[in-house]
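Below: one structure, written as structure tokens.
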Amino acid sequence: MKKAMAGIIVIIAALSLLFYWEGYGREHTKYEQVICASAEIQKGQTITDELLTEKSLPKDSLINGVIKDKSELDGTVAAQYIPAGAQVCRKMTYTNDFYIDTDRGESIYKLPAEWIDSRSAAVRRGDTIEIYLADGKQKLGEYMVAYVRDAQEREVSSAAGQEYADMLNRTDATGVIDHIEIIATQEEYEALYQVIGSTGQRLLIVQKAE
């Protein structure tokens, strides 16, 4: 009798596990919790916790780089319009440190084409760059890029569909880069001007990895 009862219990447990797996477990392995917009987010809007929600979505439907932790987006700013319900990835946002610190005396200064010895064709507005003398032996500073211009002073940006791509995927642009404009203080710009004049070297522009 006890053996029969034990057998029944084993069978019931096995059936329960089977029903659980078929009804929840199997599907659960195909889904993942990710961060989505809980409401429309406008370009330039600061992203707050109230604008985000967690959703369980099929793994094969997830976009590249989708965020899985709300804290990664705290205080960031939307780089594009994000519709309600859309998955959110880091490339849709930028950090709030892209601004001009007037208290520090910052403004926008031009690095003319004749100053630049080497730079990547993938430099874009909002990138952080390191500036060296052309031989790479002396670092002159680290700056945020305000604008990337062609010879007619038009902004050079990534081609449609690549606006928020990382450096290795900026394969096409809207123009040919002529010069770069950086956010700096007058003293920092004067130092660059003087070192170019005193050394006779031009500048090596290096993008910092994202």
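Any value given below was found using the heavy atoms of this structure, including those in side chains, with hydrogens, waters and symmetry copies removed.
- Under the 4.5 Å side-chain criterion, counting only non-hydrogen atoms from C-beta, V123 is in contact with V145.
- No side-chain donor-acceptor contact under 3.5 Å links Q194 and E190.
- For the pairing with M92, the side chain to side chain contact (heavy atoms under 4.5 Å, CB included) check across I63, T76, I67 returns one residue only, I63.
- Checked by atom type, the side-chain pair Y143/E130 shows no donor-acceptor distance below 3.5 Å.
- Y189 and W115 have their aromatic ring centers within a separation under 6.0 angstrom.
- The side-chain heavy atoms of V156 and D178, taken from C-beta on, include no pair separated by under 4.5 Å.
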Working for salt bridge (Lys or Arg N to Asp or Glu O under 4.0 Å), residues D127 and K208: CA-CA 8 Å; D127 286 352; K208 288 196 70 176; over 6 Å; no
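- At a cut-off of 3.5 Å, with distance as the only test, no side-chain donor of Q201 or D117 sits close to an acceptor on the other residue.
- For the 3.5 Å distance criterion, the side chains of E50 and T48 qualify, holding a donor opposite an acceptor.
- Between R125 atom CZ and S158 atom OG the span is 13.0 Å, to the nearest 0.5 Å.
- Taking 4.0 Å as the cut-off between side-chain N and carboxylate O, R104 and E188 count as a salt-bridged pair.
- Side-chain atoms of S120 and Q207 include a donor-acceptor pair closer than 3.5 Å.
- Both L51 and L57 belong to a common hydrophobic cluster when Ile, Leu, Val, Met, Phe, Trp and Tyr are linked at side-chain heavy-atom distances under 4.5 angstrom.
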